[in-house]
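What follows is a short report on a single structure.
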Amino acid sequence: MRIISPSILAADFGNLGRDVAMLNESRAEWIHFDVMDGVFVPNISFGFPVLQSVRSATEKVLDVHLMIVDPIRYVKRFAEAGADIITFHYEATENPRECIAAIREAGARVGISIKPATDVSVLGELLKEIDMVLVMSVEPGFGGQSFIESSLDKISRLKGMILESGADCLIEVDGGISERNAASIFAAGADVLVAGSSVFKAAEPESEILKMLEAK
Ligand code: DX5
Ligand code: ZN
């Protein structure tokens, strides 16, 4: 499985309709939506009005990444605003199962994200209860950072856990990804690659997406 999920955090917000129209024509199957609250991460991005606008401009899967504290407060509203997948941070809640249930109740698919310092072992039993793990290959909070190379080993270990458990769970990787490292990340076991700056800063974003999909 190879999916590219461009992060609109790196898009031109003065021309968001144009950038979403470009994604609609591209081979990206998902659109990644980075929500930051200024508390869980030292940055603030965007929320419901922007998600609603993007929802009305595309049929693509909206892959919402919540970098917010106590995410359960808002999962219903993100689902209502158009999220197809809602991913919360393992580190942002005392009760992941409560968040999982709330996202399911809201009718969205469930992802759990782990920061670089969080080991995949914390996910153990949860793998069978979720649809996706989002492995952060940069510290969450900002686009344009460099890929943390040790993420490759982490992805492989997670892939082994998923295969051993029989869980039907995708691996998404997020941060510092481009056509230069896409092949090694897919080879390590990733199914979905998030790419922000490498897509939106590219002279030809659609071909950057294609190069990542076809990377060998
Ligand atoms: C960082 C976000 C990432 C980021 C990716 O906190 O979760 O999705 O926008 O941006 P690039 O691809 O520029 O690293
Ligand atoms: Zn993200």
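Whatever order the structure lists ligands and atoms in, that order sets their numbers, starting from 1. Treat the numbers as computed from the prediction; the structure is a model and nothing was measured.
- Residue S7 has at least one N or O atom closer than 3.5 Å to an N or O atom of ligand 1.
- The protein non-hydrogen atom at the shortest distance from atom 10 (O) of ligand 1 is G143 CA, 3.6 Å.
- Ring to ring, H89 and F40 are close: their centroids are under 6.0 angstrom apart.
- Among all protein heavy atoms, the one lying closest to atom 13 (O) of ligand 1 is S197 OG, 2.4 Å.
- When only modelled atom types and interatomic distance are considered, E91 and T118 share a side-chain donor-acceptor pair under 3.5 Å.
- When hydrogens are left out, the protein atom nearest atom 6 (O) of ligand 1 is G141 N, 2.7 Å; that is the closest non-hydrogen contact.
- Residue, atom and distance of the protein heavy atom nearest to atom 9 (O) of ligand 1 are D34 OD2, 2.9 Å.
- In terms of protein heavy atoms, atom 1 (C) of ligand 1 is closest to F142 O, 3.6 Å.
- Distance from atom 12 (O) of ligand 1 to its nearest protein heavy atom, with residue and atom name: G196 N, 2.7 Å.
- Residues F78 and F33 place their aromatic rings such that the two centres sit no closer than 6.0 Å.
- In this structure, a donor-acceptor pair under 3.5 Å is absent between the side chains of S45 and D34.
- Taking any N or O of M67, backbone or side chain, none lies under 3.5 Å from an N or O belonging to ligand 1.
- By the 3.5 Å distance cut-off applied to N or O atoms, G176 is counted among the residues near ligand 1.
- Counting only heavy atoms of the protein, atom 5 (C) of ligand 1 lies nearest to D174 OD1, 3.6 Å.
- Residue D34 approaches the Zn ion (ligand 2) most closely through its N/O/S atom OD1.
- Inspection of the T93 and N95 side chains reveals no N or O donor paired with an N or O acceptor under 3.5 Å.
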